[in-house]
Number of protein chains: 2
Amino acid sequence: MAHNPITLDLLRALDAIDQRGSFAAAATALHKVPSALTYTVQKVEQDLGIDLFDRSGHRAKMTPAGRLILDEGRGILRDIDTLASSAKKIASGWEPELRIGVDTIFEPSRLFSLIQAFNQEHPYIKVHLIHGALSGTWELLINGSADLILSGDGLDPKAEGYEIKRLAEMKRVFVVSKDHPLASKSCTVSEEEIAEYPTIVVKDTTQLLAPKTVGWTRHHRMVTVPTMQDKIEAQIAGLGVGFLPLHRIKHYLDSGDLVPVKVSQPDEPFKAILAYQKGNTGKALNWFREHITAEVLGLDLQV
Amino acid sequence: MAHNPITLDLLRALDAIDQRGSFAAAATALHKVPSALTYTVQKVEQDLGIDLFDRSGHRAKMTPAGRLILDEGRGILRDIDTLASSAKKIASGWEPELRIGVDTIFEPSRLFSLIQAFNQEHPYIKVHLIHGALSGTWELLINGSADLILSGDGLDPKAEGYEIKRLAEMKRVFVVSKDHPLASKSCTVSEEEIAEYPTIVVKDTTQLLAPKTVGWTRHHRMVTVPTMQDKIEAQIAGLGVGFLPLHRIKHYLDSGDLVPVKVSQPDEPFKAILAYQKGNTGKALNWFREHITAEVLGLDLQV
DNA sequence: GGAACCTTTCAAAAAAACTGAATAGCCATG
DNA sequence: CATGGCTATTCAGTTTTTTTGAAAGGTTCC
């Protein structure tokens, strides 16, 4: 047994026959002569050992098996068409896959609708989301695990060779849970007062680079968590205190679950950035570079 | 532009080349001569207008576009193989789809693992689950909406022409919520006492047949619900009282959420049945007829 | 430098697909 | 019930596509 007798020509023939209603009409549509279709169909029927058409009546009627091959075959034909155009795309500079490293300061879910839109247009380009924290996000880019990263500035290593696109500014706010002792203080709170409570810190995911830490590190009590989401939840639960990015907690400030506290430590604003290998002209990379905006990331806050 | 230049032969060629590592080895595996592969590949490259192999080095290396076609092509080849064998199956008596009507007295989820097993074996045979209640389940079979039904006996219309397979016996228990006034009665409860409380009744889904009702109908107060699951939940919530099938409430009896009450009305045991059109020799039907057992339905209770 | 691979080219041969005319069946119409 | 118009199939011959094998040209490895 050599191999599968089902051919793409058969699938196209079945489709045309079903659409036009007869061998004759289908033949015309396919720029062939009816006997050519008979030949195509009979060949497969013989090789497969089953009937695709019921010839008892004089108008050929598809058998259930024929119908199955038609139905599934349409999907296969569609796949092959998509595949051909995707192959052309890739040959003309679209990457087969794009890996996006997202720093935990952003909500990866913000990118979902963007990725969905992209995938609609480019079904065979796989998009991978990878999570990182602080220097760890940069490390993804540096060690080749990601093609594009989304991070905050001030974290980039001194290394050359990376293109950086700055997006909107982000603000950090020092907040505590609504039940927290500091929540009631209306005046500026001193560092000593803050030192009474554990600080929640997001742990850098880097393996090789020097880990960075944001905010105070000279506090004695410190709880580290793997992601910004954990930090937010920990602070809401009252486990500790610390700065949180405004765009991630707007909702909780509005609802009152988190309360801002004035602190002496100046708020150092910083920027959301996109970064990628210099010289990477991939079109998928470019697409995301254009489409990832402050709005998409939820940074367009009126403060 | 006639049509897609990608052929199944190309996909098979790419697969072989990738597996064997060279045109020469692949050619051997495909019982061809190397130049035949060159021809196949070059033809598609020319028609598609892109390179599938990088010939700058001496050993041909697949381009990203070639790799994409290979990767997706493997899936397509697999699909076509499955399709061929499924078509043979259907031609030899397996139905393209099987519609199973399940009476609300059973938990449809009991069939899930069975359906999963079936689908593993017969990926192209679609299984539909349809819900019905009382005569409505029979109606599914009679009006051709279902090929196989799962019901309780005593509901079958007098009509001829249906094959019935009896499964295990099912018991009904009169139960009330744990907080219900009747829950504390340890002696037999009279009909008058029961009449104090609304009875929960599953409404027959039939459109054409004479609707049946199980249990008492001469009670004044009656709440009808669409499914057995609703009835169970209503009784747990204390909304009313009534008989419930033991196999659906074993768990709640054990946990004490439902409490059995002795009643004068005799418990009329009835049987789970499978029914289908006489003369239906479909193999999928047969498969389910064999595999749907008392155990699968959760009827194998030690009482 | 030579042996052992590899891929490609090319003309010829083989195989497959297609054609057109003839055949035969059904069905609606008059 | 005959006829014309539709259908699909058969078959022999033709065209197109695919395959072949020998020759040529490269790379790698020893």
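Heavy atoms only: backbone and side chains are in, while hydrogens, waters and symmetry mates are out. A, B, ... follow the sequence lines: proteins, then strands. Residue 1 opens every chain.
- For the pair E45(B) CD and dT8(C) C1', the computed distance is 12 Å after rounding to whole Å.
- Aromatic ring centroids of F118(B) and F288(B) lie under 6.0 Å apart.
- Under a 4.0 Å N-O distance rule, the pair E290(B)/K283(B) does not qualify as a salt bridge.
- Looking at heavy-atom distances under 4.0 Å, S35(B) makes contact with a base.
- In terms of position on DNA chain C, the residue among H31(A) and F23(B) whose nearest nucleotide sits closer to the 5' end is F23(B).
- Across all strands, A36(B) comes closer than 4.0 Å to base atoms (heavy-atom distances).
- Remark on DNA chain C: of its neighbouring residues G21(B) and K43(A), the 5'-side contact belongs to G21(B), judged by nearest-heavy-atom nucleotide.
- Checked by atom type, the side-chain pair D54(B)/S56(B) shows a donor-acceptor distance below 3.5 Å.
- Here the P atom of nucleotide dA16(C) and the CG atom of D9(B) are 11 Å apart, to the nearest Å.
- At dA17(C), one or more side-chain N or O atoms of Y39(A) fall inside 4.0 Å of OP1 or OP2 (strictly under the cut-off).
- Judged purely by atom type and a 3.5 angstrom limit, Q277(B) has no side-chain atom pairing as donor or acceptor with the backbone of G161(B).
- Nearest approach of T137(B) to A133(B), heavy atoms of both residues: OG1-N, 3.3 Å.
- In this model, the phosphate group of dT9(C) is not approached by any side-chain N or O of T38(B) to a distance below 4.0 Å at OP1 or OP2.
- For DNA chain D, the span of nucleotides reached by chain B at under 4.0 Å from its heavy atoms goes, 5' to 3', from dT17(D) to dT27(D).
- Spacing between atom CG of L37(A) and atom P of dG20(C) amounts to 14 Å, rounded to whole angstrom units.
- Not one side-chain nitrogen or oxygen of R59(B) sits closer than 4.0 Å to the OP1 or OP2 atom of dC5(C).
- Proximity of a side-chain donor or acceptor of D47(A) to a complementary backbone N or O of P5(A) within less than 3.5 Å is not detected.
- Here dC18(C) presents its P atom at 14 Å from CD of Q42(A), a figure rounded to the nearest Å.
- The separation between K32(A) atom NZ and dG20(C) atom P is 14 Å, rounded to whole Å.
- Below 30°, between 30° and 60°, or above 60°: for H122(A) and W287(A) the angle between ring planes is above 60°, a perpendicular geometry.
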